[in-house]
Amino acid sequence: MRPSTVFFGIIAVAVLFFGASSLFVVHQSEQALVIRLGNVRSDGIIQEPGLYFKIPMIDRVVFYDRRLQGLEIPTEAIVLKDQKRILVDTIARYRISDPLKYYQAGNEANIRTQLSQLASSSLRRIMGETSLTSLLTEGRGSIIKELNKEFAERSLVYGLTVVDVRIRRADFPEKNNESIYNRMRSEREREATELRAQGYKLKQQIQAEADRKKTILLATATRNADILRSEGDAEASRIYNEAYGKDLKFYAFYRSLETYRRTLGEGTTLVLSPDSPLFRYLGVKTEALQK
């Protein structure tokens, strides 16, 4: 192989290597910093996707994610304004908006640690001025809003834009749960006892009212029955008197027949005088009885 051919081959490989090393691609989800000899190049902040140039062996490219990133703040025990101790679990969402500040702040692990500490201090300060009632009611929204505002302002120094901070869980410590449950159980039992007492009192009132109405109804019914019975008896006596007054002989005959029916039954024995008025309607002559 001729020396000139080898030389041109080496030159071609060097050119290809230099060309490949001098180009880099920034994707849609990325942003980059071009570092030249330890300092960021004047045009080295790249936040648009595309193909870019650098000087091999001199420039160094650092890539950062443009997408949202999550930060889970470790669960903390916080004392509220009303001296209630609760466990708070918080999460934050942020993105890198200024890669230069982010690069100058240090490595990612240290930045996330410092962010956790910032979020923790903000949370403690705000929650320390909040009561448990506010945290569990409509006041929770203003607490979250204030926490977002303070954490966002304190994160700007790292080149970050905080999108959202949320309290995922706020609960009492485990050792307090049993006493809380016992207090809740006692409260429910007290309410149940009061409701039973109110129900028994209402039952007594309803029963007494029902007994009173029953007594009134029975008395009224008895009185009306007595009145109707008296009126019926009076009307019957009137009708009887009117009927019997039309024929006194027939009335006497009828009364005698009633007497016969009541007294002359099977096996009845009467001892009477022969001239007793009882025999006058039996068709028996007194002389025949005397014989």
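Computed from a predicted structure; not experimentally measured. Computed from heavy atoms alone, side chains included, the values below leave out hydrogens, waters and symmetry copies. Residues: numbered from 1 along the sequence shown.
- To the nearest 0.5 Å, the span separating CZ on Arg212 from CD1 on Ile216 amounts to 4.5 Å.
- For Asp65, the salt bridge (charged side-chain N to carboxylate O under 4.0 Å, His left out) partners are Arg67, not counting sequence neighbours.
- The number of heavy atoms from other shown groups lying within 6.0 Å of CD (Glu187) is above 12.
- Remark: the backbone N or O of Gly199 is not paired with any side-chain donor or acceptor of Gln204 at under 3.5 angstrom.
- Looking at heavy atoms from C-beta onward, Asn148 lies in side-chain contact with Asp164 at the 4.5 angstrom threshold.
- The two atoms that bring Lys81 and Ser131 nearest to each other are CB-N, 4.1 Å, heavy atoms only.
- Judged by distance alone, the side chain of Arg66 and the main-chain N or O of Arg95 form no donor-acceptor pair under 3.5 Å.
- In terms of heavy-atom proximity, Ser116 sits nearest to Leu71 at OG-CD1, 3.6 Å.
- Considering CD of Glu146 and OG1 of Thr130, their distance stands at 7.0 Å, rounded to 0.5 Å.
- The shortest side-chain heavy-atom distance between Leu160 and Tyr102 falls under the 4.5 Å cut-off.
- From Arg60, atom CZ reaches atom NZ of Lys54 across 10.0 Å, with rounding to the nearest 0.5 Å.
- Closest approach of Ile143 to Ile126, counting heavy atoms only: CG2-CG2, 4.0 Å.
- For residues 98-111, no residue pair satisfies the salt bridge (Lys or Arg N to Asp or Glu O under 4.0 Å) rule, not counting sequence neighbours.
- In this view, Gln114 and Asn110, Tyr158 satisfy the side-chain contact (heavy atoms from CB on, under 4.5 Å) rule, not counting sequence neighbours.
- Contacts of Arg36 classified as salt bridge (charged side-chain N to carboxylate O under 4.0 Å, His left out), with partners at least two apart in sequence or in another chain: Asp59.
- Between Phe151 and Ser155, the shortest heavy-atom contact is O-OG, 2.7 Å.
- In this structure, CD1 on Ile86 lies 11.5 Å from OG1 on Thr75, to the nearest 0.5 angstrom.
- For Glu48, the salt bridge (charged side-chain N to carboxylate O under 4.0 Å, His left out) criterion is met by no residue, not counting sequence neighbours.
- Using a 4.5 Å cut-off between side-chain heavy atoms of Ile, Leu, Val, Met, Phe, Trp and Tyr, with links allowed through other members, Val62 and Leu100 fall into the same hydrophobic cluster.
- Side-chain contact check for Gln205 versus Glu209: every heavy-atom pair is 4.5 Å or farther apart.
- In this model, a donor atom of one side chain and an acceptor atom of the other lie less than 3.5 Å apart for Ser121 and Arg154.
- Residues forming a side-chain contact (heavy atoms from CB on, under 4.5 Å) with Glu231 (at least two apart in sequence, or on another chain): Ile227, Leu228.
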For Ile73 and Val88: C-alpha separation, side-chain torsions, deciding distance, then whether side chain to side chain contact (heavy atoms under 4.5 Å, CB included) applies. CA-CA 9 Å; Ile73 293 89; Val88 180; over 6 Å; no

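- Side-chain contacts under 4.5 Å among hydrophobic residues (ILVMFWY), followed directly or transitively, place Leu195 with no other residue at all.
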Apply the test side chain to side chain contact (heavy atoms under 4.5 Å, CB included) to residues Val165 and Ile144: give CA-CA distance (whole Å), side-chain angles for both, the deciding distance (0.1 Å), then the verdict. CA-CA 7 Å; Val165 181; Ile144 297 298; 5.8 Å; no

Going through the distances and angles, do Phe24 and Ile46 end up as a side chain to side chain contact (heavy atoms under 4.5 Å, CB included)? CA-CA 11 Å; Phe24 65 95; Ile46 302 173; 3.6 Å; yes

Is there a side chain to side chain contact (heavy atoms under 4.5 Å, CB included) between Ile78 and Arg85? Walk through the geometry before answering. CA-CA 6 Å; Ile78 297 177; Arg85 187 180 181 86; over 6 Å; no

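- Of the possible polar contacts, one joining the Glu30 side chain to the His27 backbone as a donor-acceptor pair under 3.5 Å is found.
- The closest donor-acceptor contact from the side chain of Gln31 to the backbone of Ile96 lies under 3.5 Å.
- Between Leu37 atom CG and Ile58 atom CD1 the span is 6.0 Å, to the nearest 0.5 Å.
- Residue Val163 is found in a hydrophobic cluster whose other members, listed by chain and number, are Leu68; membership requires side-chain heavy atoms under 4.5 Å apart, directly or through intermediates.
- Put simply, Val157 and Tyr103 are part of the same group of oily side chains (I, L, V, M, F, W, Y) that touch within less than 4.5 Å, one to the next.
- In terms of heavy-atom proximity, Ile111 sits nearest to Ala105 at CD1-CB, 3.9 Å.
- Of the possible donor and acceptor atoms, one in the side chain of Ser97 sits under 3.5 Å from a partner among the backbone N and O of Gly159.
- Residue pairs meeting the salt bridge (Lys or Arg N to Asp or Glu O under 4.0 Å) criterion with at least one member in residues 71-80, sequence neighbours excluded: Glu72-Arg168, Glu76-Arg124.
- Here the CD1-CZ distance, from Ile35 to Arg41, works out to 10.0 Å after rounding to the nearest 0.5 Å.
- Smallest separation of non-hydrogen atoms from Pro99 and Leu33: O-CD1, 3.3 Å.
- For Tyr94, there are no ring-ring contact (aromatic ring centres under 6.0 Å, His included) partners, not counting sequence neighbours.
- Salt bridge absent: Glu189 and Arg185 never bring a charged side-chain N and a carboxylate O closer than 4.0 Å.
- Grouped by direct or indirect side-chain proximity (heavy atoms under 4.5 Å, Ile/Leu/Val/Met/Phe/Trp/Tyr only), Leu202 sits with Ile206.
- Residues that satisfy the side-chain contact (heavy atoms from CB on, under 4.5 Å) test with Asp211, not counting sequence neighbours, are Gln207.
- When the side chains of ILVMFWY residues are joined at heavy-atom separations under 4.5 Å, either directly or via intervening members, Ile91 and Leu87 end up in two distinct hydrophobic clusters.
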